[in-house]
Amino acid sequence: MQVAVVGGGVAGSASAIALARIGAQVTVYEAYEDPAGTVGSFVSLSVNGLRALDALGCLDAVQRAGFPVDRQRMWSGRDRPLGDVPRGRRSGDPLRSLTLMRADLVRALREEAAGAGARILVGRRLSGDSLDSLTAGADLLVGADGIWSATRRALHPAAPEPRYAGLYSISGATDGPVRLPGERPQGFNMVFARRGAFIYLPAPDGTVWWSAQVAAADPPPDLTAVGLAKLTELFRTEKTPLAVLRASSAVTASTLLHVLPPVTRRHDDRTVLVGDAAHPVAPAREPRWRSRTPSHSPVNSRRPRPSPRPWPPSTGCATTVRASWPRRPPPTGTPKRQGPWRRGSERS
């Protein structure tokens, strides 16, 4: 069976491994010359994802590229603890969530795919159409070309389009070890700040990896221009994010976050969608925009995006969560007679 995989990222490389292992002749077409280069920021893999990698036979290689994270802790902007839970696992699970750079994950998967017999061709941008000359002879076409999938549009021209989620993410790492305010144990930390969420976690080398997810009704005119000075201003009232940002000298990744309505058609007799092309995590991110595609380029402006539902920073995450809780239905039947609620009241 001849298989063409459109996209050589995480989903495309993992699909290539699985298909090559069952004897398919797999060719992966990747638009960028170096898909395992500096694409995006760090990612965390929950234990179910790690078990999927184990089934593919590449868990050890991926684990060597990252480090385990045991706990996830949530903090208020004033450094008050809000929660402490196992990171990406149940409390009794012996596996631990893994954090690594996305580039290292892609590199490990691509190497495993090549070792299983798949061909990986870079610098090949496909239309996703069944009439594309490069994929016309394939028995199976796997669309793993991300949230802006051309394969999805060819499969279902009326499919929904991504829209800006009202958030953008800026990531980086400190230049060296940093002393954080208060007692901060190791683990994945999320601070619910006034202007968004600030994620940080200490790495084994002593540096702190961080990602600021900033709430903004409209995307910045030039995302690449949002640097440490702007972030320091946005998080000036939160001590820990401010300490992490002041210990950093550069931004390594900038990403607009997007949401995609449910995709109702994911396959036909020859084509199947996987990964972000089929069911992106919300809010989904398109990491290739980080530095290769400026926000004013035709790629970013090729389609209009509806205005997102605003997220006023003054409401905060807690208010948003409370507003989404289901209300208790009104009681039915005859209510029970209640006793006095304060001293001195009389029974009727």
Which residue pairs satisfy the salt bridge (Lys or Arg N to Asp or Glu O under 4.0 Å) criterion with at least one member in [range], sequence neighbours excluded?
range	answer
residues 42-53	Arg51-Asp93
residues 15-25	Arg21-Glu112
residues 240-252	none

Beyond-backbone contact of [X] with [Y], side-chain heavy atoms, under 4.5 angstrom:
X	Y	answer
Phe42	Leu201	yes
Leu45	Leu100	yes
Val244	Pro241	no
Leu245	Trp210	yes
Thr240	Trp75	no
Gln25	Val3	no
Leu167	His258	no
Arg194	Thr237	yes

Side chains of [X] and [Y], donor plus acceptor under 3.5 Å:
X	Y	result
Ser97	Ser44	no
Ser169	Ser211	yes
Ser13	Arg110	no
Ser41	Arg102	no

I'd like to know if Arg71 and Asp84 make a salt bridge, using a cut-off of under 4.0 Å between side-chain N and carboxylate O. yes
So that I can tick it off, tell me whether Arg152 and Asp145 are bridged by a salt bridge, with the cut-off set at under 4.0 angstrom between side-chain N and carboxylate O. no
Donor-acceptor under 3.5 Å (Gln2 side chain, Ala138 main chain): no
Please say whether more than 12 non-hydrogen atoms of neighbouring residues, nucleotides or ligands are located less than 6.0 Å from NE2 in His267. no
According to the ring-ring contact (aromatic ring centres under 6.0 Å, His included) rule, which pairs have a member within residues 217-249, sequence neighbours left out? Phe198-Phe235
Which ring-ring contact (aromatic ring centres under 6.0 Å, His included) pairs, counting each pair once, include a residue from residues 80-103, with sequence neighbours left out? none
By salt bridge (charged side-chain N to carboxylate O under 4.0 Å, His left out), which residues pair with Arg236, not counting sequence neighbours? Glu233
Taking Ile170 as the starting point, is it possible to reach Leu242 by hopping between hydrophobic residues whose side chains are less than 4.5 Å apart? no
Might you work through the ring pair (Phe, Tyr, Trp, His ring centres under 6.0 Å) test for Phe67 and Trp209, ending with a clear yes or no? CA-CA 12 Å; Phe67 56 91; Trp209 295 5; 5.2 Å; yes
